[in-house]
Amino acid sequence: MSINKIQHKVNHVALVVDCSGSMRPHQSQLIRVVDEFVAGLKAESDSLGHETRISLYSFDHQVENLVWDMDVKHLPSMRGLYQVNNGATALIEASLKSLDDLGHIWEQYGEHSFLQIVVTDGEENASGGDRRHDGDPAILGPWLDRIAATMGGLPGHWTSAILVPNSLAKRTAQNYGFPAGNIAIWDADSQKGVEEAIGTVRAAATSFLRGREQGVRGTKNLFAVGQDISVDEVRANLEPIPADKYRLLKVDKEIEIRPFVDSHPGVTYERGACYYQLGGRAQVQQNKEVIVVEKDTDRAYTGDAARSLLFGTGVRGTVSVKAGNNPALEVYVQSRSVNRKLKPKTRLLIML
């Protein structure tokens, strides 16, 4: 006799957080970032009916598991769990240990996906021992080989991502094997940077869980938006803009926004009336409106729910995002700058 079984979705998330000495000035801010990330996981999991389990690791020159595969609904604040030490940074060892630990989870029943997010303000200098190696090839070389092999061999339903402090660290993370689309830069030295990190990780949590609903179990473009929404969702949640209230203009070369608009008959640049097409990474402030456009029809939609639909429920403040690959939709962001550089092969939406 055939029995129908429910193949429920189970998400295993490992958050791997730097606690080396350089993190001391950022301890309270980092707790906020992690707690907001967990809140995003809880909200989206409840909305979608997923089971999401989370593991927490901290690392300096040693790696410690703080929480193991706990239901995200029961996870307390990182406050009281996370403590900055005076050690160095065993970034590679921490990344590998968390992946290895997750690999021991039994996947026989249910549809499982795995997400690792590493957060650091520095670079590798201590994997493999209690002392700094500071790039000594004899010590660092084998660790580089191990992480490259591990990252290159991850199954398709595994996603590994990292937040790093600068562009140099981003290139290093790519050398380790983190996909470029799964690397985000955060500024741990400013309040603004922390707010951006909060928005970035919450949007990532939303993107990951919503992607699961579309059948995507792993991604190499985690820190992107728009790839996980459908035309039906846009029509159901957002308000259509009347066709005579906006125009779409093609951008053929890099040019400042004001002279570009003023060069077209029938329109004049007005601050706040222009929306650039989201492409590469951009900082989207809380007060910036967003518009979604259907590619086939050029119909535009907006409304109070637009930011939640794109970035996730409860995401506040500035969000550092780039456009995901969506064959049916484009995302446009409000600009209030008179000298924003528009990119070629994009479009500009002007409210009339």
Side-chain angles (χ1 to χ4, degrees), residues 180-181 184-185 196 199-200 203 207 210-211 214 219-311 318-352:
I185 295 174
E196 289 177 4
T200 299
S207 176
R210 289 183 182 173
Q214 306 297 325
T219 178
K220 294 184 178 180
N221 209 21
L222 182 68
F223 296 120
V225 298
Q227 76 266 30
D228 51 357
I229 58 174
S230 66
V231 171
D232 288 343
E233 288 177 295
V234 169
R235 292 175 177 174
N237 291 281
L238 304 186
E239 303 163 10
I241 303 174
D244 61 349
K245 298 297 183 183
Y246 67 94
R247 281 180 63 182
L248 283 161
L249 304 176
K250 291 183 179 180
V251 181
D252 296 322
K253 62 181 180 180
E254 185 172 293
I255 186 174
E256 289 187 359
I257 190 170
R258 186 170 189 165
F260 173 78
V261 173
D262 290 343
S263 69
H264 288 78
V267 291
T268 303
Y269 177 84
E270 291 185 21
R271 194 172 185 183
C274 298
Y275 295 70
Y276 64 91
Q277 184 180 343
L278 183 64
R281 187 161 300 281
Q283 314 302 318
V284 183
Q285 290 80 12
Q286 185 172 358
N287 63 346
K288 297 295 179 65
E289 297 175 1
V290 292
I291 293 175
V292 181
V293 173
E294 294 182 24
K295 291 182 180 179
D296 289 346
T297 64
D298 282 347
R299 291 173 183 162
Y301 302 81
T302 190
D304 293 339
R307 288 181 66 97
S308 295
L309 184 63
L310 287 167
F311 308 141
T318 299
V319 184
S320 176
V321 293
K322 63 180 180 179
N325 181 22
N326 190 315
L329 299 167
E330 295 171 341
V331 177
Y332 291 77
V333 178
Q334 187 180 33
S335 172
R336 295 193 176 95
S337 170
V338 298
N339 57 4
R340 166 173 285 279
K341 292 286 184 66
L342 301 177
K343 300 298 182 182
K345 298 183 180 179
T346 64
R347 296 196 291 177
L348 184 74
L349 186 148
I350 305 175
M351 296 297 294
L352 304 177

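Computed from a predicted structure; not experimentally measured. In this chain, numbering begins with 1 at the start of the sequence shown.
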Distance-only donor-acceptor pairs under 3.5 Å for side chains of residues 344-352, two or more places apart:
unit_1	atom_1	unit_2	atom_2	d
Thr346	OG1	Lys343	O	2.5
Arg347	NE	Tyr332	OH	3.3
Arg347	NH1	Asp298	OD1	3.0
Arg347	NH1	Asp298	OD2	3.3
Arg347	NH2	Asp298	OD1	3.0
Arg347	NH2	Glu330	OE1	2.9

(Q) To check you understand the geometry: which heavy-atom pair defines the closest contact between Thr219 and Asn221, and what is its length? (A) OG1-N, 2.9 Å
Q) Roughly how far apart are Ser230 OG and Asn326 CG, rounded to 0.5 Å? A) 8.5 Å
**Q.** Pairs touching residues 264-310 that satisfy ring pair (Phe, Tyr, Trp, His ring centres under 6.0 Å), sequence neighbours left out
**A.** Phe260-His264
Q: List in chain and number order the residues that pass side chain to side chain donor-acceptor pair (under 3.5 Å) with Ser207, two or more places apart in sequence or in another chain; answer none if no residue qualifies.
A: Gln227
Q. How would you list all residue pairs meeting salt bridge (charged side-chain N to carboxylate O under 4.0 Å, His left out) that involve residues 258-278, not counting sequence neighbours?
A. none
Q | Test item: Thr302 side-chain N/O and Leu238 main-chain N/O as donor-acceptor pair under 3.5 Å | A | no
Q.
Going by the rule ring-ring contact (aromatic ring centres under 6.0 Å, His included), which residues pair with Tyr246 if we only count those two or more places apart in sequence or in a different chain?
A. none
Q. Looking only at heavy atoms, which two atoms of Val261 and Cys274 are closest? And how far apart?
A. CG2-SG, 3.9 Å
Q.
Going by salt bridge (charged side-chain N to carboxylate O under 4.0 Å, His left out), name the pairs with one or both residues in residues 236-250, residues two or more places apart or in two chains.
A. none
Q: Under the side-chain contact (heavy atoms from CB on, under 4.5 Å) rule, collect the residues that match up with Val331, sequence neighbours excluded.
A: Leu278, Leu310
Q | Minimum side-chain heavy-atom gap Val234-Ile229 below 4.5 Å | A | yes
Q. Residues two or more places apart in sequence or in another chain: which of them pass side-chain contact (heavy atoms from CB on, under 4.5 Å) with Ala243?
A. none
**Q.** Atom of Val251, atom of Lys253 and distance for their closest heavy-atom approach
**A.** CG1-O, 3.2 Å
Q.
According to side chain to side chain donor-acceptor pair (under 3.5 Å), who are the partners of Arg235, at least two apart in sequence or on a separate chain?
A. Glu294
Q) Listed by chain and number, what are the side chain to side chain donor-acceptor pair (under 3.5 Å) partners of Asn339, not counting sequence neighbours? A) Ser337
**Q.** Residue list, side chain to side chain donor-acceptor pair (under 3.5 Å) with Arg336, at least two apart or on another chain
**A.** Gln334
Q.
Rounded to the nearest 0.5 Å, what separates atom CG in Leu329 from atom NZ in Lys295?
A. 8.0 Å
Q: To the nearest 0.5 Å, tell me how far Ser308 OG sits from Asn237 CG.
A: 9.5 Å
